[in-house]
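Down below is the structure, laid out as C-alpha cells.
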2 protein chains.
Amino acid sequence: MSKDTRLARVAHVLVHMSFNEGTATSETIAAMLDTNPVVVRRIMGALREGGYVSSERGPNGGWRLERPLREITFLNIYRAFDPGSPFTIATSDDHPKCVVERAANRALSLALSEATARFEQSLAKITLDQLLPRKT
Amino acid sequence: MSKDTRLARVAHVLVHMSFNEGTATSETIAAMLDTNPVVVRRIMGALREGGYVSSERGPNGGWRLERPLREITFLNIYRAFDPGSPFTIATSDDHPKCVVERAANRALSLALSEATARFEQSLAKITLDQLLPRKT
DNA sequence: TCTAATCGTAACTATTACTAGTACGATATT
DNA sequence: AATATCGTACTAGTAATAGTTACGATTAGA
C-alpha cells in the first residue's frame, strides 16, 4: 500500500489558506499539491464534517477556513479522516480458539493500542499556528 | 495493503514448537497456520538470521528453536523482519522547499517517532513464555 | 548409490486497502 | 443561458504481504 499523506498535505493547505483570507478553490489547492481537484474535494470534504472548513458551489465558491489556525490540531485533522488503525501490523486469526494464538494477539493488541495512544497524544499537541514561519 | 500478521503468527508457532522438543518441519507449521510451507520458510528464514531458530535439510530435518521462550521478545521477532515504519501514515514531499510543508513534516515525524518508540518499548516487554497457558 | 524428505529460492498470482484520476451531474452566480 | 465550482460514482494505479508452483540443493538411510 502506498502511505497515507493526507494529514501532512491538508495541514499544509490550511496554513496556506490562512494567508489568503481563509479561502481557496479545489483547483487552486490541487495546483499547490500537484494533484487533482477531486483528490482535494475528498480530503477537504472530511474536514467539513468536523466544521473546520465549509464549501460553496458555483462561481466565487470554494473552500473557507472556519476556525483560526490555533484552534485546529493535528489530532482534529487525523480524526476527521475517520481512521482505522494507523499501523501496518495486525493480529492473526488463523485459529481463533487456540489459547496461544489468543494470548499472542492480546499481547500485540496491547502494544498497538499503547502506541496509538501515544501517537494521538503527540498529535493533540500540534496546532496549525505552530507551522507558521517565524516573523523575524 | 493487507496487514502484516507475521509477528503474531510466528510467535504462535514458536510457542507450539516449544511443546514438541523445539522442532517442527515447514509442512507441519504450514498446517498449523493454514498456509503453505513456502510462506513458513520465508518467515522462519528471517528469524534464523537472528539466531532464534536454525534449520536443517534432508530427512529428519526442519526447524529448531535455539533459545528458550523467555529469551525471545516480540521486539526481537519484529526486528528480525527488518521492518520499515510500522505506520500507514507518512509525511508528504510535494514541495520540499516550502517552509510550511517542512514544518508540517517535522511535526508529524516527531509524533511518528515518539509513537514508534512507545511501540518498541511495549514489544520489548513481551517474552514468548508469557504466552504459555497457565498450568492450574 | 538410489530414494525420499526437507529446506532454499525464484517467479508468478491473489488479496487488500489504499490513493489518484476520469467523467459527469448538481448547484449557484451573473 | 453560460460558466464556475463542488459532489460523487466509477475505474485505474500502487505497494505490501500472502499464497502457489516449480525446481534445485542437501542429507539420512535403506
Side-chain angles (χ1 to χ4, degrees), chain A residues 1-10 13 17 23-49 53-66 78 81-94 108, chain B residues 1-10 12-13 17 23-49 53-66 77-78 80-94:
Chain A
M1 173 199 11
S2 51
K3 300 280 184 165
D4 180 353
T5 60
R6 291 176 297 173
L7 172 52
R9 295 171 104 192
V10 82
V13 162
M17 282 174 71
T23 64
T25 65
S26 302
E27 198 83 41
T28 309
I29 297 170
M32 280 178 46
L33 296 181
D34 285 327
T35 186
N36 191 292
V38 175
V39 172
V40 173
R41 289 186 196 120
R42 267 200 294 258
I43 295 177
M44 297 294 283
L47 289 184
R48 184 180 43 215
E49 292 179 37
V53 299
S54 60
S55 62
E56 274 182 23
R57 304 206 250 200
N60 301 317
W63 300 93
R64 158 173 279 107
L65 194 52
E66 292 290 345
Y78 172 70
F81 294 137
D82 229 342
S85 164
F87 282 94
T88 59
I89 293 181
T91 55
S92 64
D93 61 349
D94 299 312
L108 179 58
Chain B
M1 172 197 17
S2 55
K3 299 280 184 162
D4 181 352
T5 59
R6 291 176 295 173
L7 172 51
R9 298 220 277 178
V10 81
H12 180 195
V13 162
M17 282 173 69
T23 65
T25 65
S26 301
E27 196 84 41
T28 308
I29 297 169
M32 278 176 48
L33 296 180
D34 283 326
T35 184
N36 191 291
V38 176
V39 173
V40 173
R41 289 187 195 118
R42 267 199 297 253
I43 295 177
M44 296 294 282
L47 289 184
R48 185 180 43 216
E49 292 179 37
V53 298
S54 60
S55 62
E56 274 180 23
R57 303 208 250 199
N60 301 316
W63 301 92
R64 159 173 279 106
L65 195 52
E66 292 290 344
I77 297 172
Y78 171 70
F81 294 136
D82 232 341
S85 165
F87 282 95
T88 58
I89 293 181
T91 55
S92 64
D93 60 349
D94 299 314

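Within every chain, numbering begins at 1; the chains are lettered A, B, ... in the order of the sequence lines, protein sequences first and strands thereafter.
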Using the side-chain heavy atoms of [X], tell me which of these nucleotides is nearest: [options].
{"X": "B:Arg6", "options": "C:dA10, D:dA18, C:dG8", "result": "D:dA18"}
{"X": "A:Arg42", "options": "C:dA10, C:dG21, D:dA18", "result": "C:dG21"}
{"X": "B:Asp4", "options": "D:dT17, D:dG19, C:dC7", "result": "D:dT17"}
{"X": "B:Arg48", "options": "D:dC6, C:dC7, C:dG21", "result": "C:dC7"}
{"X": "B:Val38", "options": "D:dT21, D:dC6, C:dC7", "result": "D:dT21"}
{"X": "A:Ser26", "options": "C:dC7, D:dG19, D:dC6", "result": "D:dC6"}

If you measure from CG on B:Leu47 to CZ on B:Arg42, what distance do you get to the nearest 0.5 Å? 14.5 Å
Starting at CD of A:Glu49, measure out to CZ of A:Phe81 and round the result to the nearest 0.5 Å. 11.0 Å
Residue among B:His12, B:Met44, B:Arg64 satisfying side-chain contact (heavy atoms from CB on, under 4.5 Å) with B:Met17: B:Met44
Could you tell me the separation between the [atom1] atom of [X] and the [atom2] atom of [N], rounded to a whole number of Å?
{"X": "B:Ile43", "N": "D:dT17", "atom1": "CD1", "atom2": "P", "answer": "11 Å"}
{"X": "A:Asp82", "N": "C:dA17", "atom1": "CG", "atom2": "P", "answer": "16 Å"}
{"X": "B:Lys3", "N": "C:dC18", "atom1": "NZ", "atom2": "C1'", "answer": "11 Å"}
{"X": "B:Leu33", "N": "D:dA18", "atom1": "CG", "atom2": "C1'", "answer": "12 Å"}
{"X": "A:Asp34", "N": "C:dT19", "atom1": "CG", "atom2": "C1'", "answer": "15 Å"}
{"X": "A:Phe87", "N": "C:dA17", "atom1": "CZ", "atom2": "P", "answer": "18 Å"}
{"X": "A:Arg64", "N": "D:dT5", "atom1": "CZ", "atom2": "P", "answer": "14 Å"}
{"X": "B:Arg9", "N": "D:dT17", "atom1": "CZ", "atom2": "P", "answer": "13 Å"}

Taking the side chain as every heavy atom from C-beta outward, state whether B:Phe87 and A:Asp4 have any pair of such atoms under 4.5 Å apart. no
Got B:Val40 and B:Met32 here, is their nearest side-chain heavy-atom distance under 4.5 Å? no
Run the side-chain contact (heavy atoms from CB on, under 4.5 Å) check on A:Ser55 and A:Arg41 step by step: do they pass? CA-CA 9 Å; A:Ser55 62; A:Arg41 289 186 196 120; over 6 Å; no
Answer yes or no: are there more than 12 heavy-atom neighbours, outside B:Glu56 itself, under 6.0 Å from its atom CD? no
Does a nitrogen or oxygen in the side chain of [X] sit under 4.0 Å from OP1 or OP2 of [N]?
{"X": "A:Asn36", "N": "C:dT22", "value": "yes"}
{"X": "A:Thr88", "N": "D:dT17", "value": "no"}
{"X": "A:Ser55", "N": "D:dG7", "value": "yes"}

With a non-hydrogen cut-off below 4.0 angstrom, is A:Thr5 in contact with a base, only sugar-phosphate, or nothing? nothing
Per-nucleotide protein contact along nucleotides 23-30 of chain D, 5' to 3', at a 4.0 Å heavy-atom cut-off (B base, S sugar-phosphate only, - neither), is -BBBBBS-
Is there a donor in the side chain of B:Trp63 and an acceptor in the side chain of B:Ser54, or the other way round, less than 3.5 Å apart? no
